[in-house]
Amino acid sequence: QVQLVESGGGLVQAGGSLRLSCAASGRTSSSYTMGWFRQAPGKEREFVAAIRWRGESTYYAESVKGRFTISRDNAKNTVYLQMDSLKPEDTAVYYCSAGSMVISPQRPNNYDYWGQGTQVTVSS
């Protein structure tokens, strides 16, 4: 089992920045693909970003490309999501995920483990 704990969420004004962290514990493995998803009230969970285990490949939703940056530190078993130029439509609960056999990083069902989520609220 792998446990994922997100942190770094909060309230920020539009145009501001936040950095989310996701710490992994348990049977951690740096070979996991790590992803970030988000879910706004009344909406389905949607893909935000993902990173392969060596960091050689990253993936972004079109809505966040150029504004968000995903990175990882395998020595610390931690993945980060730097969010800049935040918009009110970025408001959601952000979830960290980990998967050992992720073929399609954009699909939630490719991931084995999920965190509890952290709230991000962007005011206009």
Side-chain angles (χ1 to χ4, degrees):
Q1 289 290 327
V2 175
Q3 293 78 44
L4 303 173
V5 178
E6 303 96 336
S7 61
L11 173 64
V12 64
Q13 288 188 333
S17 299
L18 283 174
R19 189 175 84 151
L20 304 183
S21 299
C22 173
S25 61
R27 294 187 63 183
T28 58
S29 169
S30 60
S31 64
Y32 283 114
T33 293
M34 303 296 292
W36 286 97
F37 289 76
R38 66 187 181 186
Q39 188 166 18
K43 295 188 177 181
E44 293 187 354
R45 189 169 298 191
E46 66 172 359
F47 170 75
V48 176
I51 185 168
R52 294 294 186 186
W53 71 283
R54 289 194 190 94
E56 72 277 21
S57 296
T58 56
Y59 309 84
Y60 295 94
E62 284 298 322
S63 60
V64 307
K65 200 171 289 185
R67 300 188 297 122
F68 291 10
T69 304
I70 189 170
S71 62
R72 67 189 296 165
D73 184 337
N74 288 340
K76 295 182 178 179
N77 292 321
T78 301
V79 63
Y80 305 96
L81 185 68
Q82 177 67 40
M83 305 186 296
D84 299 317
S85 302
L86 282 162
K87 304 175 181 179
E89 51 263 45
D90 294 319
T91 295
V93 177
Y94 282 70
Y95 297 91
C96 176
S97 58
S100 58
M101 296 289 289
V102 176
I103 298 174
S104 300
Q106 299 85 353
R107 297 186 177 184
N109 61 6
N110 276 223
Y111 295 85
D112 305 306
Y113 304 101
W114 293 85
Q116 292 300 306
T118 185
Q119 177 70 47
V120 171
T121 303
V122 184
S123 63
S124 57

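Index from 1, following the sequence.
When the side chains of ILVMFWY residues are joined at heavy-atom separations under 4.5 Å, either directly or via intervening members, Tyr111 and Val79 end up in two distinct hydrophobic clusters. Linking ILVMFWY side-chain heavy atoms closer than 4.5 Å, directly or via other members, places Val93 and Leu18 in two distinct hydrophobic clusters. Note on Leu81 and Tyr59: separate hydrophobic clusters, where clusters join Ile, Leu, Val, Met, Phe, Trp and Tyr whose side-chain heavy atoms are under 4.5 Å apart, directly or indirectly. Follow the hydrophobic side-chain contacts under 4.5 Å out from Trp114 and you reach Val102 in the same cluster.
Atoms CZ and CD, on Arg38 and Gln119 in that order, are 12.0 Å from each other to the nearest 0.5 Å. For the atom pair CE of Met34 and CG of Asn77, the computed distance is 8.5 Å after rounding to the nearest 0.5 Å. Put simply, CZ on Arg72 and CZ on Arg52 are 10.5 Å apart, with the number rounded to the nearest 0.5 Å. Here the OG-CG distance, from Ser97 to Leu4, works out to 7.5 Å after rounding to the nearest 0.5 Å. To the nearest 0.5 Å, the span separating OG1 on Thr69 from OH on Tyr80 amounts to 14.0 Å.
Contact check for Tyr113 versus Tyr32: side-chain heavy atoms found under the 4.5 Å cut-off. Side chains of Tyr95 and Arg45 form a contact here, defined as non-hydrogen atoms less than 4.5 Å apart. Using a 4.5 Å heavy-atom cutoff, the side chains of Phe37 and Glu46 are not in contact. At least one side-chain heavy atom of Val120 sits under 4.5 Å from a side-chain heavy atom of Leu20. Counting heavy atoms from C-beta on, the side chains of Tyr60 and Ile70 come closer than 4.5 Å. Proximity of Thr78 to Cys22: side-chain heavy atoms (C-beta onward) are nowhere separated by under 4.5 Å. Ser85 has its side chain out of reach of Phe68: every pair of non-hydrogen atoms, C-beta onward, lies at least 4.5 Å apart. In this structure, Phe47 and Trp36 have side chains that are not in contact, with every pair of non-hydrogen atoms separated by 4.5 Å or more.
Judged by distance alone, with hydrogens and angles left aside, the side-chain atoms of Glu6 form a donor-acceptor pair with the main-chain N or O of Gly117 at under 3.5 Å. Not a single donor-acceptor pair under 3.5 Å links the side chain of Asn110 to the backbone N or O of Pro105. In this structure, Arg67 contributes its side chain and Ser63 its backbone to a donor-acceptor pair below 3.5 Å. Side-chain atoms of Glu56 come within 3.5 Å of backbone N or O of Arg54 as a donor-acceptor pair.
Counting all heavy atoms, side chain and backbone alike, Asp84 lies closest to Ser17 at OD1-OG, 2.7 Å. Heavy-atom minimum distance, Ser100 versus Asp112: N-OD2, 3.0 Å. Minimum heavy-atom separation, Pro88 to Ala14: CD-CB, 4.1 Å.
By the neighbour-count criterion of 12 heavy atoms within 6.0 Å, atom CD of Gln1 is sparsely surrounded, having that number or fewer from other residues, nucleotides or ligands. Within a 6.0 Å radius of CD in Gln116, other residues, nucleotides and ligands contribute 12 heavy atoms or fewer.
In this structure Ser123 satisfies the side-chain contact (heavy atoms from CB on, under 4.5 Å) test together with Leu11, Gln13, sequence neighbours excluded.
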